[in-house]
K.L.:
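Attaching a single structure in structure tokens format; questions to follow.
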Amino acid sequence: MGGGGAFSVACTAQMQIFIQTLVTGIVTGCLYALIALGYSMVYGVLKLLNFAHGDLYMVGAFIGYFAIQWFGGATALIIPVPLLIIFMMVVAGLGVGALGVAIERFAYRPLRNAPRIAPLITALGISFILEDSVLLLFGGFTRNYNAPAFLPFRQSIHIDGVNIWSVQIIVVVVSVVMMFGLRELVNRTLFGKSMRAVASDREAAEMLGVNVDRTIAMTFFIGSAMAGVAGVMSGLAFGQISNIIGFLAGLKAFTAAVVGGIGSIPGAMIGGLVIGLCESFSSSYISSQYSDLIVFALLIATMLVRPQGVFGQPPLQKV
Amino acid sequence: MAPLLELDQVSLSFGGLRALHSLDMHVDENEIVSVIGPNGAGKTTLFNVITGIYQPAGDIRFDGKSLIGRSPHRITGMGVARTFQSLRLFLNMTVKENVKAATYGGTRATPIESMLRLPRARREEREVEARAEDVLGFFGQRLQGYRFDQPAYVLSYANRRRLEIARAMATGARMLLLDEPAAGMNPPEKLALRELIRGLRERFDVTILLIEHHMDVESELCDIVTVLDNGKVIAEGKPAEISRDPKVIVAYLGSGGGAGEAAEPLLAGLE
């Protein structure tokens, strides 16, 4: 074909942008999905929108940051990088998981039989407590993981001008492993079955011998741990963290949970990916300033067209 | 022989309202006992204190062990299961899943074993499956075969009631508490239910305590009828005796307006 050379170069550049955007979308989508899962699971068992959930993600990011500093800082690490990453994720997962359990125990459990507005307001309060505690303890300035110092960009995979950074691969692999693990946990184990029974009817579940308190605590632990790990991974992938990052991330994850169908585990995963992709494509192709607008417009559109979300079940009529 | 369930001076108040008033009651092993009483007499509250939802004053003993201070799931674990007046099925789950949900309490496999499908987890899963099918089998064609995998919300009202009983039995209950099992049923269904309850006792050796609003289903079925009014036992005896008891007649006649308050002076007059 005449002039094919120039045409194909132009085409490839377009393809590069497309694939790069796709990769960014999948990475952010995985992080949103991990946060959305906690939102959705907690909503499932308690019918509570845990607005403090985004801030647990922020706490996870801070734990990861201090782990890097503990081991000598990003430019002078005293332990091997893989060990550091595993350490960060395990500590952030356990630490934030424990924090989630403590929040449930002391803030939500006393209100379990209160009108639903009470725990909702409490959740907003917990969110402020977490944000402002971090502000008081560590200051309000932005910190940087500086992950490229120990996971260089040049270790990226280069395919035809498309760069996939090792951190992006870590995020996707860890997210997929965690989501697969969660699916198995929910479908196969006693905890998962108890969780589904409690989500369906707490009182009836209790009468069938389900330990409701323990099931709810476990749900908070697992949801919070995933948010903590997501916080570490977002620090690695995007660098900047501060005490307020939990707010927007939490709001987007909430959007993801609602779009996918709140209370549904596959819904939270798909919703997270949809929101991540929507955000990255609107940044690349429309305007990065309007990407949040487009994401929340998607939320409104979902509420209009399919209020129960993609995987949500329409409410049953009780006879 | 000591009774299976014993209530000793059980009282419970909600604020100023005395829901249960120094209640003494006992149910012997393998008996079918019915609790009747007008609205607000404390029948469902009685079930709620036995199953640990409310913590009353006094003592409740099941098989010689006190139930006071135990959480509901532990009481279920000891062998007390119940159904609800308003049905509480897991409507989105299938018929079989509903029953299976009640049998997992006895499983011991750890999360790791379950996720990796190790031998113990697989064996327990087979046992749960077999037990669910066995319990459902007792209920005949209505809850079998193609019904196994239907979601509970497609079932008819009477079948939902049956499924709730099946689910309670699957916990391995030694004592079954049925809260108005015949509510909303038509006469033929009530007759079938009576046979079902009788059959449950024969098949599973279970002791049954049931709540009815009126003397109805239980009149031919029960060994003992206990009449509650205003949180107190006002009469206890064989069905035939109870239906002639003047105090009971008064309690029901007086229940039209201000419940027991109106009945009390009348009662005093009769004695």
Side-chain angles (χ1 to χ4, degrees), chain A residues 44-45 47 97 109 112-113 177-219 221-222 225 261-267 308 311-319, chain B residues 47-48 51-53 71-84 86-93 97-117 121-122 124-125 128 151-153 155-157 160 164 167-168 170-173 177 179 184:
Chain A
V45 294
K47 302 289 171 283
R109 194 179 295 179
R112 201 176 284 164
N113 296 317
V177 166
M178 279 170 60
M179 289 186 220
F180 182 78
L182 180 69
R183 197 192 72 176
E184 292 298 291
L185 190 71
V186 169
N187 287 339
R188 304 226 163 257
T189 66
L190 178 60
F191 158 71
K193 284 154 185 158
S194 306
M195 191 177 87
R196 274 151 61 205
V198 171
S200 190
D201 188 329
R202 191 198 308 157
E203 202 176 321
E206 190 154 41
M207 285 300 142
L208 298 176
V210 173
N211 187 338
V212 170
D213 284 344
R214 199 172 62 194
T215 303
I216 291 174
M218 266 300 274
T219 305
F221 181 82
I222 290 165
I262 196 146
S264 153
I265 284 173
Q308 73 270 32
F311 283 86
Q313 275 152 333
L316 285 166
Q317 209 67 41
K318 279 204 173 168
V319 187
Chain B
F47 272 25
N48 287 343
T51 53
I53 295 177
S71 56
H73 74 271
R74 294 210 184 281
I75 292 174
T76 308
M78 289 170 70
V80 181
R82 74 174 287 184
T83 64
F84 294 88
S86 54
L87 291 161
R88 304 293 286 270
L89 287 171
F90 303 127
L91 289 177
N92 283 324
M93 296 189 195
E97 279 173 342
N98 263 281
V99 178
K100 278 162 74 176
T103 60
Y104 282 109
T107 60
R108 291 283 163 269
T110 60
I112 303 293
E113 284 177 293
S114 302
M115 286 166 77
L116 299 177
R117 302 177 185 72
R122 284 212 306 267
E124 284 184 346
E125 195 65 33
V128 162
Y153 63 77
L155 294 180
S156 72
Y157 184 76
R160 287 184 190 190
E164 225 194 17
R167 193 178 65 171
T171 60
L177 309 181
D179 196 345

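Just so you know, these numbers come straight off a predicted model, no measurement behind them. A note on names: the letters A, B, ... follow the listed sequences, proteins ahead of strands, and every chain is numbered from 1.
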K.L.:
Quick one: what part of R117(B) sits under 4.5 Å from any heavy atom of chain A, side chain, backbone, both or neither?
P.N.:
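The answer is the side chain of R117(B).
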K.L.:
Flag the pair L190(A) / S114(B) as yes when at least one side-chain heavy-atom distance between them is below 4.5 Å, and no otherwise.
P.N.:
no
K.L.:
Is there side-chain contact between K100(B) and K193(A), with at least one heavy-atom pair below 4.5 Å?
P.N.:
no
K.L.:
Among F90(B), Y104(B), F84(B), which residue has the highest count of heavy-atom pairs closer than 4.5 Å to chain A?
P.N.:
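Ranked by heavy-atom pairs under 4.5 Å with chain A, first place is F90(B).
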K.L.:
Kindly check if the number of other-residue, nucleotide or ligand heavy atoms within 6.0 Å of CZ (R74(B)) is above 12?
P.N.:
no
K.L.:
What do you reckon, is CG of L116(B) surrounded by more than 12 foreign heavy atoms closer than 6.0 Å?
P.N.:
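Yes, enclosed.
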K.L.:
Any side-chain heavy atom of H73(B) sitting closer than 4.5 Å to one from V212(A)?
P.N.:
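A side-chain contact is absent here, since even the closest heavy-atom pair is not under 4.5 Å.
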K.L.:
Hey, could you give me the CD/CG distance between E203(A) and N48(B), rounded to the nearest 0.5 Å?
P.N.:
7.0 Å
K.L.:
How many angstroms lie between CG in N211(A) and OG1 in T76(B), if you round to the nearest 0.5 Å?
P.N.:
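N211(A) CG to T76(B) OG1: 11.0 Å, rounded to 0.5 Å.
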K.L.:
Check whether any side-chain heavy atom of R88(B) sits under 4.5 Å from a side-chain heavy atom of M207(A), and report yes or no.
P.N.:
no
K.L.:
Using non-hydrogen atoms only, which part of A199(A) is less than 4.5 Å away from chain B: side chain, backbone, both, or neither?
P.N.:
neither
K.L.:
Under a 4.5 Å heavy-atom cutoff, which of A101(B), S71(B), P111(B) has the most pairs with chain A?
P.N.:
P111(B)
